[in-house]
Amino acid sequence: CVYCQSSNERGCLVMSDHAFLAPSSMGITVHCSYYPHANLAYPTSDTLETMEGSAAHYALEQALLNFRRTGNPEFDFDQLDNTPADNGVFITSEMLGHVKDSYHHMVELVRNQCNFDTMEIEGKVQIPQIHDTDCWGTMDFGFFDDTTRTITIRDFKYGFGLIEVY
């Protein structure tokens with residue numbers, strides 16, 4: 001905790017946007033235990049690509065929130081075209097093409113397997129088996145299927161380059 005950037009309710013220092021022991025970087029951390037510390041000492045700046053990825057995530061989140069709120073799977077993606085996301089990056093028609101594909105996949109999963117009450121969008125998932133407070137992630141979309149007793153999680157990626165995950 002002492003290496004992170006802000007305080008939580010217990011006074012423990014924590015990072016604001018990412019967990020110190022992020023699940024998405026565990027594949028690297030298991031080979032280099034200093035990696036989480038190096039991330040703090042040498043933070044990376046947002047790039048155009050990461051900002052575009054965040055804008056695409058925002059568009060998907062808006063569509064999914066509308067679906068959860070209304071129960072209607074139809075969403076007018078054109079209303080988001082050429083509008084700024086919450087990070088100021090403009091959403092493009094190319095982004096929306098990828099967002100639509102993921103959205104329709106997620107809607108079909110819900111329609112076939114899910115009670116709306118179990119649907120989670122941008123939900124924080126704690127992993128206390130790794131660390132009580134410093135290992136968590138944010139799932140883009142997930143739900144619990146009461147019938148099969150399974151959890152389904154989807155992670156949306158938009159951009160270019162290799163994304164290494166554990």
Side-chain angles (χ1 to χ4, degrees), residues 1-68 77 80-103 105-106 109 118-144 150-166:
C1 293
V2 297
Y3 302 100
C4 304
Q5 300 171 351
S6 62
S7 296
N8 68 10
E9 62 279 355
R10 296 182 339 193
C12 177
L13 296 175
V14 295
M15 293 178 72
S16 56
D17 292 323
H18 294 94
F20 180 66
L21 300 171
S24 59
S25 62
M26 278 298 160
I28 298 168
T29 302
V30 297
H31 297 289
C32 176
S33 62
Y34 188 74
Y35 183 75
H37 301 281
N39 271 339
L40 294 175
Y42 306 101
T44 57
S45 299
D46 277 331
T47 64
L48 176 60
E49 291 78 20
T50 61
M51 292 178 69
E52 286 177 345
S54 294
H57 265 89
Y58 173 81
L60 178 61
E61 181 182 12
Q62 297 311 299
L64 288 169
L65 288 171
N66 183 72
F67 175 50
R68 182 170 64 190
F77 286 94
L80 296 175
D81 193 14
N82 204 30
T83 63
D86 59 350
N87 66 357
V89 172
F90 278 79
I91 297 167
T92 67
S93 56
E94 179 188 355
M95 272 181 210
L96 291 174
H98 294 279
V99 167
K100 285 179 195 177
D101 289 344
S102 289
Y103 174 76
H105 168 74
M106 293 173 188
L109 286 172
T118 69
M119 187 168 67
E120 188 72 36
I121 301 162
E122 293 295 319
K124 186 174 180 181
V125 179
Q126 297 284 121
I127 309 170
Q129 296 87 341
I130 305 282
H131 191 278
D132 288 344
T133 58
D134 288 343
C135 188
W136 53 269
T138 304
M139 67 174 169
D140 296 332
F141 168 82
F143 63 86
F144 179 71
T150 57
I151 297 172
T152 299
I153 296 174
R154 292 295 183 263
D155 191 44
F156 175 69
K157 297 295 181 202
Y158 176 83
F160 77 93
L162 176 64
I163 299 170
E164 294 188 33
V165 294
Y166 179 65

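This is a predicted model, so every value here is computed, not measured.
- Ile91 and Ala59 get closest at one heavy-atom pair: CD1-CB, 4.0 Å.
- From Arg68, atom CZ reaches atom CD1 of Ile121 across 4.0 Å, with rounding to the nearest 0.5 Å.
- Once rounded to the nearest 0.5 Å, the distance linking OG1 of Thr152 with CE of Met119 reads 13.0 Å.
- Within 6.0 Å of CD in Gln126 there are more than 12 heavy atoms belonging to other residues, nucleotides or ligands.
- When all heavy atoms of Phe77 and Leu96 are compared, the pair lying nearest together is O-CD1, 3.4 Å.
- Side chains of Phe156 and Val99 form a contact here, defined as non-hydrogen atoms less than 4.5 Å apart.
- The main-chain N or O of Leu21 is never found under 3.5 Å from a side-chain atom of Ser25 such that the two would form a donor-acceptor pair.
- Side-chain contact between Pro23 and Ile127 is present, with at least one heavy-atom pair separated by less than 4.5 Å.
- Closest of all the heavy-atom pairs between Pro84 and Gly88 is CB-O, 4.1 Å.
- In this structure, Met95 and Leu80 have side chains that are not in contact, with every pair of non-hydrogen atoms separated by 4.5 Å or more.
- Looking at Phe143 and Glu120, their side chains never come closer than 4.5 Å, going by heavy atoms from C-beta outward.
- Taking the ring-ring contact (aromatic ring centres under 6.0 Å, His included) definition, one finds that Phe67 meets it with Phe116, sequence neighbours left out.
- Here the shortest heavy-atom pairing between Phe144 and Ile151 reads CD1-CG1, 3.8 Å.
- At least one side-chain heavy atom of His57 sits less than 4.5 Å from a side-chain heavy atom of Glu122.
- Counting only heavy atoms from C-beta outward, the side chains of Phe141 and Leu64 approach each other to under 4.5 Å.
- Dense packing is recorded around CG of Leu65, with more than 12 heavy atoms of other residues, nucleotides or ligands lying under 6.0 Å away.
- For the residue pair Met106 and Leu60, the shortest heavy atom distance occurs at CE-CD2, 3.9 Å.
- What you find for Ala55 and Asn87 is that their closest heavy atoms are N-ND2, 3.9 Å.
- Interatomic distance, CD1 of Ile153 versus CG of Asp140, reported as 10.0 Å (0.5 Å rounding).
- Residues passing the side chain to side chain donor-acceptor pair (under 3.5 Å) test with His105, sequence neighbours excluded: Arg154.
- Annotation: side chain of Thr29 is in contact with side chain of Pro36 (closest heavy-atom distance under 4.5 Å).
- Residues passing the side chain to side chain donor-acceptor pair (under 3.5 Å) test with Asp81, sequence neighbours excluded: none.
- Remark: Asp46 CG to Ser54 OG distance equals 6.5 Å, nearest 0.5 Å.
- When side chains are defined from C-beta on, Met139 does not count as touching Asp155, because their heavy atoms never get closer than 4.5 Å.
- Separation of atoms SG (Cys135) and CD (Gln129) is listed at 9.0 Å; rounding is to 0.5 Å.
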Test Phe20 against His37 for ring pair (Phe, Tyr, Trp, His ring centres under 6.0 Å), laying out the working first. CA-CA 8 Å; Phe20 180 66; His37 301 281; 5.0 Å; yes
